[in-house]
Amino acid sequence: MTANMRSGGRILVDTLVAQGCDRIFTVPGESFLAVLDALHDTPAIDLIVCRQEGGVAYMAEADGKLTGRPGIAFVTRGPGATNASIGVHAAFQDSTPMILFVGDVARGDRDREGFQEVDFAAMFRPIAKWAARIDDAARIPEYVARAYATAMAGRPGPVVLALPEDMLRDEVEAVDRARVAPPVQTPDPMAVATLVDLLKNACAPIAIVGGAGWDAAASHHFAEFAERVGLPVACAFRRQDAIPSASPVYAGNLGYGPNPKLVQRIREADLLLVVGPRLGEATTDGYTLVTPDHPEQTLVHVHPDPNELNRVYKTCLPICADVRELAELLSTWEDEVLSFSSGAQAHAEWLQWSEPQPSGAKLDLGLCVAALREKLPADTIVCNGAGNFSGWFHRYWRYGPFPTQLAPTNGSMGYGVPAGVAAALRHPGRSVLVPAGDGDFLMNGQELATAVGAGADMLVLVIDNGSYGTIRMHQERDYPARVSGTDLANPDFAALARAYGAWAETVETTEAFAPALDRALGERGVRLLHLKTDIEQISNATTITRLRDRARRD
Ligand SMILES: Cc1ncc(C[n+]2csc(CCOP(=O)(O)OP(=O)(O)O)c2C)c(N)n1
Ligand SMILES: [Mg+2]
């Protein structure tokens, strides 16, 4: 053996270090022992061992959202990869850079449907940007560099690489690759000049922002520009940190249950400046708020991926560019003519809409969010999965500077706890808040063990209405008073959290919430407040009684 010979596992870990990877999320498998062995001697990489591959993949996805570079996950063959697929789907729909490495059967056993064998390239093709297998250990640096490049380029997304276990044990010579940077995508100044001209001629423009490639710099520069010209800025679904809520032109969020005044403003807009979002189904209320042909509206779409321009929406001015570069160029654009008063009006409307009014409920979630607003720092990272419980946070929480929101735009349950772990590890000094539904929490509640084991500092709120409430809401609309398949018999969540080693209390009234929150904030590590709410408060906008009354009238 010459001095340059390395195992496939060693080459892979060296390659990841060269790409800047400092953390891997995993559930181990015997299919990638050579990688685990190489990690044994690699202090540069923090290995986070999880309890289920759904948790692994969500953590990697959330880490990708936080850093802008691919979050890294390692899972085993069929069972591990199928569990992890939920996070790949989230990364795909959320445009998040991520790489999932999957241990695979030995090359010589392929196509016998050996133990846990799956054709991973075929399985992941519809939900990954690229899915492939590395058959030659000498080509690991090339495959991994391409995986990084692909995950970050254009519209970011997930890449899946299968690793035959015997390939990882091969001893070969390989040429390392240097860290991959995303491509430079400076906007064409002529196109930006046209954009500014369109703004000058517009009576009622509005920006819709967030999404692919959005980062702290994009947020800073875009807010600077929008504030200077008074342009109202709405955020796409679950991109509420695209600019801080405190910005004087922040107009609120789109998605489920947006401010009707914001909806009206978008309908009446003559110019839509869309920077980053795909204008997906949730953001556009099922392609109705902005219709694909949007007659009488001019649509400027800025996106780093040419395939997203004119894909669904007729686009008057498509600009293929890095959103950060576009925002920076706009912030330094010298033009005194632009000045709108609508940004301040839209912000005032949002302030009013996002102020919780007492609902009369015994444990009033709106008032709980108001208490959280008072006691938690502005740069708190709020992590949630799917369910109506999230609606109170989307509506009433004030999101701080990017990144402060980790929430799946693909509406995937079980995301909050794993995302909270990723956030607590990436930003140990920051406050991390995980609002979770009772259904949502138990989809990945096992990752509390990972959180406690990793010394994560985070506050979990389990909002326990004894129901898959969102589905109950749809049920009450379509089949009133016929509850089927949505009631939940729940554990004592506080006792459960304590069993994991967390600090926990149960809260049953609004008055008890703030003192319990104070006690939670006085502790460190994982803390959980079990909030027992009434299913009657089915969303932040309506009640079961009102839904039934309406169904009776219709
Ligand atoms: C992984 C996954 N499974 C199922 C669904 C469908 N779904 C959306 S919301 C929801 C219920 C959420 O219940 P809970 O977390 O208790 O929140 P609540 O609506 O009661 O506030 C379900 C089952 C989903 N979005 N994701
Ligand atoms: Mg529930």
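The structure presented is a predicted model; accordingly, all values stated were derived computationally and were not measured. In each ligand, atom 1 is the first atom listed, and ligand 1 is the first ligand listed.
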[X] heavy atoms, cut-off 4.0 Å: which ligand 1 atoms fall inside?
X    : value
N465 : 18 (P), 20 (O), 21 (O)
G469 : 13 (O), 18 (P), 19 (O), 20 (O)
N388 : 18 (P), 19 (O), 21 (O)
D440 : 14 (P), 15 (O)

Please state whether I463 comes within less than 4.0 angstrom of ligand 1, counting heavy atoms only.
->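 So I463 does not count as touching ligand 1.
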Check for me whether G414 has a heavy atom closer than 4.0 Å to any atom of ligand 1. no
Angle class for the W350/Y250 ring planes (parallel below 30°, perpendicular above 60°, tilted otherwise)?
perpendicular
The closest protein heavy-atom partner of atom 14 (P) of ligand 1 is G439 N, 3.6 Å
When only distance counts, is [X] in polar contact with ligand 1, meaning an N/O pair under 3.5 Å?
X    : value
M443 : no
M413 : yes
L488 : no
I471 : no

- Counting heavy atoms not belonging to E113, are there more than 12 under 6.0 Å from its CD?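 No, CD of E113 has 12 or fewer neighbouring heavy atoms, counting only those of other groups under 6.0 Å.
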#### Entry: Y479 atom OH: more than 12 heavy-atom contacts under 6.0 Å
no
Margin query: Which atom name would you report as the N, O or S atom of D438 nearest the Mg ion (ligand 2)?
Written below: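 Among the N, O or S atoms of D438, the one closest to the Mg ion (ligand 2) is OD1.
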Donor-acceptor pair between [X] and [Y] side chains, under 3.5 angstrom:
X    : Y    : value
Y415 : E61  : yes
S539 : N388 : no
S95  : R155 : yes

Margin query: Between K362 and E536 (salt bridge meaning N to carboxylate O under 4.0 Å), is one present in this structure?
Written below: no
task = Measure from the side-chain N and O atoms of R552 to the backbone N and O of P480, and report whether any donor-acceptor pair falls under 3.5 Å.
result = no
